[in-house]
*Asks:* 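Let me give you the structure first, and then I'll get to my questions.
Just follow the structure's listing: the first ligand is 1, and inside any ligand the first atom is 1.
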Amino acid sequence: MKYFIANWKAYKNLQETLEWIDIFTEKLETDQAVRSKLQNNNTHVIICPPSPLLFLFSDLIKRYPNISLGAQDISAYDEGSYTGETTGKSLRGVVSHVIIGHSERKRYFNETAEIIQKKTTQALANTIAPLVCFEKPQELLPNNADFFAYEPPSAIGTGKNESLQNVLEIKKLLTFKKQYLFIYGGSITEKTIHEYLQSDEINGFLIGGASLDPVHFYTIIAQQQT
Ligand code: PGA
């Protein structure tokens, strides 16, 4: 089983999202092989668009049980007078997963290990699975999360994906927890995915740029072996 997680970041508007869904759905409907991988629990797709666009996916996720939705962030606060925040309570039942502590949030929004821990707690309290990102295995990571995504900044959006060997070396250093799902993100494309799919040590991928094009994203998913 592999997770293919589309991180759209702050891209796309309403019209562009509808077009993406149309093309992606059409691809699925004409491809029995990928549909059966989704049905057989071999492939799990999680789409993380900007939050205002989440509801446009309701038909798609109803039709395909192994396609689900994720948020790109969650408030560290419980509900209250926090204008502009997207709380776990408001995301509950809308998304199944949430990306927490992406390096872009650390860089542009000053997220610290303490904030990441609070966000993880909020996600879990609302039955949303936190997908916690890290850049170095020495980082202080919340040990109550089940998904950890290794996202080296040198590989994000640069076209310079980290080699499988390096990714596995990093995984070996992540010793604070015995059981977790290990995700890799950084310049995954239809051309680079192949080597990682061979490894049972990698449970899935966080895919940024290549997920913005429905055909490209689909071509990546279709390469997963049965
Ligand atoms: P990229 O982004 O696939 O465009 O490198 C990955 C990510 O930041 O999640």
*Asks:* Measuring centre to centre across the rings, with the benzene-like ring taken for any Trp, is F182 within less than 6.0 Å of F148?
*Replies:* no

*Asks:* Measure the NZ-CG distance between K89 and D78 for me, rounded to the nearest 0.5 Å.
*Replies:*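 Output value for this atom pair is 8.0 Å.
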
*Asks:* Closer than 4.0 angstrom, basic N to acidic O: yes or no for K136 and E139?
*Replies:*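 So K136 does not pair with E139 through a salt bridge.
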
*Asks:* Return yes if a side-chain donor-acceptor contact under 3.5 Å exists between H216 and T189, otherwise no.
*Replies:*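 Side chains of H216 and T189: no pair found under 3.5 Å.
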
*Asks:* If I compare all heavy atoms of I61 with all of S68, which pair ends up nearest, and what's the gap?
*Replies:*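 Taking I61 first and S68 second, the nearest heavy atoms are CG2-CA, 4.0 Å.
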
*Asks:* Check each N or O atom of ligand 1 against all protein N or O atoms and list the pairs under 3.5 Å, with atom names and distances to 0.1 Å, one per line.
*Replies:*
unit_1	atom_1	unit_2	atom_2	d
ligand 1	2 (O)	K9	NZ	3.4
ligand 1	3 (O)	G208	N	2.8
ligand 1	4 (O)	G209	N	2.8
ligand 1	5 (O)	G157	N	2.6
ligand 1	5 (O)	S187	N	2.8
ligand 1	8 (O)	K9	NZ	2.8
ligand 1	8 (O)	H102	NE2	2.7
ligand 1	8 (O)	E151	OE1	3.4
ligand 1	9 (O)	N7	ND2	3.3
ligand 1	9 (O)	H102	NE2	3.3
ligand 1	9 (O)	E151	OE1	3.4
ligand 1	9 (O)	E151	OE2	3.3

*Asks:* Does S199 use its side chain to pair, donor to acceptor, with the backbone of E195 at less than 3.5 Å?
*Replies:* no

